[in-house]
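Order of the sequence lines sets the chain letters (A, B, ...), proteins ahead of strands, with each chain counted from 1. All values derive from a computational prediction rather than experimental measurement.
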Number of protein chains: 2
Amino acid sequence: MIQTTSEENYLKTIFHHAGISNNAVTTNDIAASLGTKAASVTEMLKKLSAQKLIRYKKYNGVTLTDSGTKQALLIVRKHRLWEYFLVEKLKFSWDEIHEVAEQLEHIQSETLVERLDSFLEHPRFDPHGDPIPDKKGLIKKSDSQKLIDVTEKKEAIVNLVTDQPELLRYLSKIGISIGSKLKVMEKNSFDQSMLLLINGKNKVLISSSIANNISVQL
Amino acid sequence: MIQTTSEENYLKTIFHHAGISNNAVTTNDIAASLGTKAASVTEMLKKLSAQKLIRYKKYNGVTLTDSGTKQALLIVRKHRLWEYFLVEKLKFSWDEIHEVAEQLEHIQSETLVERLDSFLEHPRFDPHGDPIPDKKGLIKKSDSQKLIDVTEKKEAIVNLVTDQPELLRYLSKIGISIGSKLKVMEKNSFDQSMLLLINGKNKVLISSSIANNISVQL
DNA sequence: ATATAAATTTAGGCAAACCTAAAAAATAAT
DNA sequence: ATTATTTTTTAGGTTTGCCTAAATTTATAT
């Protein structure tokens, strides 16, 4: 059940592209992320599929199975723990850590990960603010935060909206309600407006005052 | 100038077999250590030779070049620093560390090694008591110790012998003088006698009273 | 010194993970 | 709806690091 480094990288990439809602991911997207060619991706998808880590149907993109998701989350856990270690203990700045963590995340030793976690006193977020899954691959729900504070490229789920009927009406019109999945596509620094992708479908631009009134969790 | 993991393992193995005095190492010995077959070793020796990391002449064994030795020492440095980390910080017992350190030593990042070294406050010996080379690949000479205290399988260089003329005569007869390279082949626990390999050539058994009067450094 | 044994190298193959180029399927555009 | 475009897959190739079996070289033993 141990994956090769390459298989792990594919799982991780699929996981990151699929987002929380485990959307189907395309061959080309994977190739682009990994810097490989589509043909190589197809080959690997067959291998991962044979291991039941992904659901793969020709020409149809892939989704992670539960088992695949768990594997991916454990790799993410390792990656983020090492990032935390590099910043907190070795005093790396957080733009130096990615390359090294990419290597460290593939070290195979459950003991190592758990001892590292203890040594670091069970951090819940990595230096980029991303949550660190626990040893079972579960991400503890983060406390909710204002949408306006969500970083670019992050996905979040709508949690609460203030009960101003006018705002609620507007939000429902553009397709935002509790439980909606939002991805922050762009944040415009001059006016704090945000371009959102709603439920993976529609793009909408919202003003900072609206973003300020939507509460989400990652 | 960056090696593959496999190349690094070959260099390290050659280094460990060659000992301080850089003796020629045989194809079969390398194969046995690495759990590969002789044919695979031959193949790799050609690659390392092409990179001028070893001197290789068919049927003649190999020795490390200066460049190869330096590479090997840097890998050893990483290995031992990680071992120290695992024991001192992550509370591994020292029989659990080898497998993990074997993986960690191949992480490619000079910055990582140097920051780790600082974080650990520049340890000079790993948990097995082996010296940790510095960033230039130099092993600081350890303080001299009595031959009787040297661990089995370790190599040491004769440093000082007490000036008892009788002892000196005896030692010179069996081929031991200042600068001789000794490898401790066996230590007999019942009488503390030691079987030594002198300068990689002759085997000699010495009693504990003699071993007690020879000072060496690793 | 010659035969036997052991060590080493060569030759030919295999699996993993990549590639290019061509074929097939799905999507988009007129 | 049919063509054009894009995406994906298939069909060979390449490289790295390993393998087995056979050939060669070196070492050992009578």
Side-chain angles (χ1 to χ4, degrees), chain A residues 1-14 17-18 23-64 68 71-72 75 102-103 105-106 108 200-201, chain B residues 1-14 17-18 23-64 68 71-72 75 102-103 105-106 108 200-203:
Chain A
M1 207 245 243
I2 280 174
Q3 264 60 60
T4 64
T5 294
S6 191
E7 286 170 338
E8 289 191 343
N9 283 332
Y10 275 89
L11 284 178
K12 205 180 42 145
T13 297
I14 295 167
H17 271 85
N23 307 308
V25 180
T26 67
T27 301
N28 264 359
D29 281 355
I30 299 170
S33 289
L34 290 173
T36 61
K37 295 303 167 73
S40 309
V41 174
T42 300
E43 201 177 51
M44 181 60 90
L45 294 183
K46 289 178 183 170
K47 281 182 205 157
L48 295 175
S49 183
Q51 293 173 69
K52 300 210 161 76
L53 294 166
I54 61 174
R55 274 175 290 270
Y56 171 57
K57 245 180 62 188
K58 278 188 195 177
Y59 298 101
N60 254 81
V62 288
T63 53
L64 289 168
Q71 292 298 312
I75 300 161
E102 285 288 305
Q103 296 181 63
E105 76 190 2
H106 298 296
Q108 305 279 184
K201 288 186 209 136
Chain B
M1 209 245 243
I2 279 175
Q3 264 60 60
T4 64
T5 293
S6 191
E7 286 170 337
E8 289 193 342
N9 283 332
Y10 275 89
L11 284 178
K12 203 179 45 146
T13 297
I14 295 167
H17 271 85
N23 308 308
V25 180
T26 67
T27 301
N28 264 359
D29 281 356
I30 298 170
S33 290
L34 291 173
T36 61
K37 295 304 167 72
S40 310
V41 175
T42 300
E43 201 175 50
M44 182 59 90
L45 294 184
K46 289 177 183 170
K47 282 183 204 156
L48 295 176
S49 182
Q51 294 174 68
K52 299 213 161 73
L53 294 166
I54 60 174
R55 274 175 290 270
Y56 172 56
K57 244 181 61 189
K58 277 190 193 174
Y59 297 101
N60 255 78
V62 287
T63 53
L64 290 169
Q71 293 296 312
I75 301 161
E102 285 288 304
Q103 296 181 64
E105 75 190 3
H106 299 296
Q108 307 278 184
K201 288 186 209 141
N202 308 312
K203 284 186 185 170

Look up atom [atom1] in [X] and atom [atom2] in [Y], then write down how far apart they are to the nearest 0.5 Å.
{"X": "Asn60(B)", "Y": "Thr26(B)", "atom1": "CG", "atom2": "OG1", "answer": "11.5 Å"}
{"X": "Thr36(B)", "Y": "Asn9(B)", "atom1": "OG1", "atom2": "CG", "answer": "10.0 Å"}
{"X": "Ser49(A)", "Y": "Lys57(A)", "atom1": "OG", "atom2": "NZ", "answer": "12.0 Å"}

Whole angstrom value for the distance that separates [atom2] of [N] from [atom1] of [X]:
{"X": "Lys57(A)", "N": "dA24(C)", "atom1": "NZ", "atom2": "P", "result": "21 Å"}
{"X": "Glu8(B)", "N": "dG17(D)", "atom1": "CD", "atom2": "P", "result": "11 Å"}
{"X": "Ile30(A)", "N": "dT9(D)", "atom1": "CD1", "atom2": "C1'", "result": "14 Å"}
{"X": "Asn9(B)", "N": "dT16(D)", "atom1": "CG", "atom2": "P", "result": "17 Å"}
{"X": "Lys37(A)", "N": "dT14(D)", "atom1": "NZ", "atom2": "P", "result": "17 Å"}
{"X": "Leu34(A)", "N": "dC18(C)", "atom1": "CG", "atom2": "P", "result": "8 Å"}
{"X": "Leu45(B)", "N": "dT8(C)", "atom1": "CG", "atom2": "P", "result": "10 Å"}

* Measure across Lys12(A) and Glu102(A) and return the closest heavy-atom pair with its distance rounded to 0.1 Å. => NZ-OE2, 2.9 Å

Taking any heavy-atom pair under 4.0 Å as a contact, classify [X]: base, sugar-phosphate, or nothing.
{"X": "Thr27(B)", "answer": "sugar-phosphate"}
{"X": "Gly35(A)", "answer": "sugar-phosphate"}
{"X": "Ser40(A)", "answer": "base"}
{"X": "Thr36(A)", "answer": "sugar-phosphate"}

Compare side-chain N and O positions of [X] against OP1 and OP2 of [N] and report whether any pair is under 4.0 Å apart.
{"X": "Thr4(B)", "N": "dG17(D)", "answer": "yes"}
{"X": "Tyr10(B)", "N": "dC18(D)", "answer": "yes"}
{"X": "Lys46(B)", "N": "dT9(C)", "answer": "no"}

* Asked: Just checking, any donor-acceptor pair under 3.5 angstrom between side chains of Gln51(A) and Gln3(A)?
  ->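 There is such a pair (donor and acceptor under 3.5 Å, judged by atom type) between the side chains of Gln51(A) and Gln3(A).
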
* Asked: Can you tell if the side chain of Tyr10(A) reaches within under 4.5 Å of the side chain of Leu34(A), non-hydrogen atoms only?
  -> yes

Side chain of [X] - closest among [options]:
{"X": "Asn28(A)", "options": "dC18(C), dT8(D), dT20(C)", "value": "dT8(D)"}
{"X": "Glu43(B)", "options": "dA16(C), dT10(C), dG17(D)", "value": "dG17(D)"}
{"X": "Ala39(A)", "options": "dC18(D), dA25(C), dT10(D)", "value": "dT10(D)"}
{"X": "Tyr59(B)", "options": "dT24(D), dC18(C), dT10(D)", "value": "dT24(D)"}
{"X": "Lys58(A)", "options": "dT8(D), dA16(C), dT10(D)", "value": "dT10(D)"}
{"X": "Ser6(A)", "options": "dC18(C), dG17(D), dT20(C)", "value": "dC18(C)"}
{"X": "Met44(B)", "options": "dC18(D), dT16(D), dC18(C)", "value": "dC18(D)"}

